[in-house]
Q: 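Pasting in a structure now, in C-alpha cells, and then I'll have a few things to ask.
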Protein chains: 2
Amino acid sequence: MQAPLAAPIPIRMPSATRVVTEELRQAIVRLEFPPGTRLSEGEIASRYNVSRQPVREALISLSRIGLVQVLPQRGTLVTRISTRHMKQVIIAREALETAVVARACERFDPMIRASIDSILETQARAAAEGDHLTITAADTQFHGALASGVDCDMIWQMVLDVKVHMDRVRHLTLQDRESMRVLVQQHRAIVAAIDARDPERADRAMRTHLVEILRDLPRVLAERSDYFE
Amino acid sequence: MQAPLAAPIPIRMPSATRVVTEELRQAIVRLEFPPGTRLSEGEIASRYNVSRQPVREALISLSRIGLVQVLPQRGTLVTRISTRHMKQVIIAREALETAVVARACERFDPMIRASIDSILETQARAAAEGDHLTITAADTQFHGALASGVDCDMIWQMVLDVKVHMDRVRHLTLQDRESMRVLVQQHRAIVAAIDARDPERADRAMRTHLVEILRDLPRVLAERSDYFE
DNA sequence: GCTCTTGATCTACCATACAAGTCCATACTA
DNA sequence: TAGTATGGACTTGTATGGTAGATCAAGAGC
C-alpha cells in the first residue's frame, strides 16, 4: 500500500446526536428558536439531514435541562421563560458557585490560578473593544476555571445546566460597554477575595456578580411578555 | 349508544421509556446492578420485553445523572463509586438544601408545614419498628416537602439527581435502629430551626444531617473496594 | 519469540417502518 | 344554528434491520 493520504484518524467523529444536541442548545439560547416555538422531530431531522432518532435523543437531553418540553403524542416546544423558574435558577447557581468559592478560599490549584489571570486579561481587552462574543466565552472559562481549581467539574456541569437559562435571558438584554467593564471588575473582586483567603468577602463578591447578571430581567419581561409564561 | 363499558380513560399509560428508566434507576441504586456491571442495550431490552430504543433512551437519561457511562461503540457500564465524585455530590446537595432551608426561615407554605408533621410522625413510628423502607420513603418526602414549601421544585429535582448517588452508598451501609432514631431527631431539629426563623441554626442542622448520612463511607470503601474506582 | 495483520464478534449508533394518540376541519344530524 | 360524529393530517412512541467502530484472539511473517 503506497503512501496513505489520510492519517490514522484518531479524532473521534462526534455522533449525530451530540451535534444535533449542541446545535439545538445554541439555537435555543440564541433565541433562534424563541420560547414557545413548536419543534417537530421530523422537521428538525430533515433540517439537519439526519433521521428522527438522533433528534429525538437530543430533545430528551434538552428536556432534562428544561430547555424544551415534550408533550407525549402532541408535540415538543421550546419552554417559555418563567419568573418562578428563573428564581430557582438563580438560587441554585448562587448556592453552587458560592460553595465553590468557599472551598477556593481554603485551597486552590496554583496552575489554574495562573490561567485565570490570562483569562481576565483577555476579557478586559475584549471589554475595552466591546467584543461581546469574547466576553461571554471568557466569562464561561472564568467560572469553569474556578470549579476546576477546587476539583469540582461535576458541580461545574450542574452549573452549566442552569446557566443556560440565564444565558438565554442575557441574549435579550443588550450589554453596553459599561456593564462589560463592571463584569470584569466583579471577576477581579472574586479572585482578590480568594487570594486573600477571605470566605465572607468571596461569598459576597460572587452573589453580587450573579444578581448583577439578571439586573434587567424585569425590563425584558415587560418588553417581551410573549416569551414568558 | 348504550352504556360505554370503558371510562374515557384519562389515565396516562406510562411509556416504556419511562418504565425502563425508573426500573433501571432503582435496580442500580439497590445494587442489583453493582458498580462496574456491563449493561448491554439488547440484553436489557429482552429482559424487560421491550425493544432496544426505549432502553437506549433510558440509558441516555441515566448517563446524564451519572449512574451509567456510555462508551461509544464499546459498551455501557454502571459507574463505579468514586470518592472524588461523592465529595462533589455532598457539596452540591449541601449547597442546594441549605439554600432551601435559608429561604424556609423567611417564609414557608403553612399547608406544607402541616404535612411535614405527619411525615415525621410516620417516620418516627417506622424508626421504632425498624421499618427501613418506610424510613427511606419518609426521608425523601421530608426533604421534598422542604423544597415545595419554598416553591423550589426545580431545585428539588436537582437534589434528587445527586441524592441518587448517596442512596446507592446507603444501600451498602446497614442502618441500625440507633442511626434511624438519630435521623428522625435531626429532621426535627431542622424543622424546629425553621419554625424559630433561625437561619444559622437551620443551616447547621441541615449540614449535620447531610454529613451524618455518609458517615460510614470510609468503612464501606475498605470493605467493597471493587465497587469503587 | 515477537510484531503485525486479519477476521470474527461484540458494541452503540442510525435509518426506516409502523403503531398509537391528539387535534382539527368538515360534514352530518337534530 | 348548535351540537356531534368522523376522517385525515399531524404528533410522539416503539420495533427492527443494517452499519461502522472497537476489541480480541488466532495465525502469518519476520
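Throughout, a chain's letter reflects where its sequence line sits, starting with A, and its residues are numbered from 1.
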Q: Please list, chain by chain and in numerical order, all residues satisfying side chain to side chain contact (heavy atoms under 4.5 Å, CB included) with B:Ala102, sequence neighbours excluded.
A: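 So B:Ala102 forms no side chain to side chain contact (heavy atoms under 4.5 Å, CB included) with any residue.
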Q: Going by salt bridge (charged side-chain N to carboxylate O under 4.0 Å, His left out), name the pairs with one or both residues in residues 144-155 of chain A, residues two or more places apart or in two chains.
A: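 Found A:Asp151-B:Arg84, A:Asp153-B:Arg84.
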Q: Enumerate the residues from residues 48-60 of chain B whose closest heavy atom to DNA chain D is under 4.0 Å, giving them by residue number; use none for an empty result.
A: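 Contacting residues: B:Val50, B:Ser51, B:Arg52, B:Gln53, B:Pro54.
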Q: Using the salt bridge (charged side-chain N to carboxylate O under 4.0 Å, His left out) rule, collect all pairs that involve residues 110-123 of chain B, keeping only residues at least two apart or in two chains.
A: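 The answer is B:Arg113-B:Asp117, B:Arg113-B:Asp195.
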Q: Report the nucleotide, chosen from C:dA12, C:dT22, D:dT14, that has the shortest atom-to-atom distance to any side-chain atom of B:Val70.
A: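 Among C:dA12, C:dT22, D:dT14, the one nearest the side chain of B:Val70 is C:dA12.
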Q: What stems show up for DNA chain C when you take Watson-Crick pairs (N1-N3 plus N6-O4 or O6-N4) and G-U wobbles (N1-O2, O6-N3), both under 3.5 Å, and require three or more consecutive pairs?
A: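 Result, WC/G-U stems under 3.5 Å: C:1-30 with D:1-30.
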Q: Quick one about B:Gln26 and B:Glu22 (side-chain donor to acceptor, distance below 3.5 Å, no hydrogens or angles considered), yes or no?
A: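 Yes, B:Gln26 and B:Glu22 have a side-chain donor paired with an acceptor closer than 3.5 Å.
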Q: Taking only residues two or more places apart in sequence, or in another chain, which ones meet B:Ile91 in a side chain to side chain contact (heavy atoms under 4.5 Å, CB included)?
A: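 B:Ile91: side chain to side chain contact (heavy atoms under 4.5 Å, CB included) contacts with A:Ala99, A:Arg103, A:Cys152, A:Ile155.
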Q: Indicate yes or no for a side-chain donor-acceptor contact from B:Gln88 to the backbone of A:Met154 under 3.5 Å, with no hydrogens or angles considered.
A: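 Looks like yes, one N/O pair under 3.5 Å.
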Q: Sequence neighbours left out, what pairs pass salt bridge (charged side-chain N to carboxylate O under 4.0 Å, His left out) with at least one residue falling in residues 72-83 of chain B?
A: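 Those involving residues 72-83 of chain B do not exist here.
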Q: List in chain and number order the residues that pass side chain to side chain contact (heavy atoms under 4.5 Å, CB included) with B:Val19, two or more places apart in sequence or in another chain; answer none if no residue qualifies.
A: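 Result, side chain to side chain contact (heavy atoms under 4.5 Å, CB included) vs B:Val19: B:Pro14, B:Glu23.
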Q: Measure the distance from CZ on A:Arg74 to C1' on C:dC23 and round it to the nearest whole Å.
A: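 So the two atoms are 9 Å apart, to the nearest Å.
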Q: Could you list the residues that satisfy side chain to side chain contact (heavy atoms under 4.5 Å, CB included) with B:Arg93, not counting sequence neighbours?
A: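 B:Glu97, B:His143, B:Val159, B:Val162, B:Lys163, B:Met166, B:Leu210, B:Ile213.
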Q: Closest approach to the side chain of B:Ala16, judged atom by atom: which nucleotide of D:dT23, D:dT14, D:dG13 is it?
A: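 Of all the options, the side chain of B:Ala16 is nearest to D:dT14.
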Q: A:Gln69 has an atom CD; how far is it from atom P of D:dT12, in whole Å?
A: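 So the CD-P distance, A:Gln69 to D:dT12, works out to 13 Å.
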Q: For D:dT12, does either OP1 or OP2 sit under 4.0 Å from a side-chain N or O belonging to A:Thr76?
A: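 So the side chain of A:Thr76 is within the cut-off, an N or O lying under 4.0 Å from OP1 or OP2 of D:dT12.
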Q: Give every residue pair that meets the side chain to side chain donor-acceptor pair (under 3.5 Å) criterion with at least one member in residues 32-44 of chain B, sequence neighbours excluded.
A: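 Checked against side chain to side chain donor-acceptor pair (under 3.5 Å) - neighbours excluded - the pairs reaching residues 32-44 of chain B are B:Glu41-B:Arg56.
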Q: For DNA chain D, find the residues of residues 32-45 of chain A with a heavy-atom distance under 4.0 Å and give them by number; none if there aren't any.
A: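 Those residues are A:Arg38, A:Leu39, A:Ser40, A:Glu41.
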Q: From C-beta outward on B:Gln73, which listed nucleotide comes closest to its side chain: C:dT22, D:dA20, D:dT14?
A: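 The listed nucleotide nearest to B:Gln73's side chain is D:dA20.
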Q: For residues 60-73 of chain B, which residue pairs pass the salt bridge (charged side-chain N to carboxylate O under 4.0 Å, His left out) check, not counting sequence neighbours?
A: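 Passing the test, one end in residues 60-73 of chain B: A:Asp161-B:Arg64.
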Q: OP1 or OP2 of D:dT12 less than 4.0 angstrom from a side-chain nitrogen or oxygen of B:Ser15, does that happen here?
A: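 For D:dT12, neither OP1 nor OP2 has a side-chain N or O of B:Ser15 closer than 4.0 Å.
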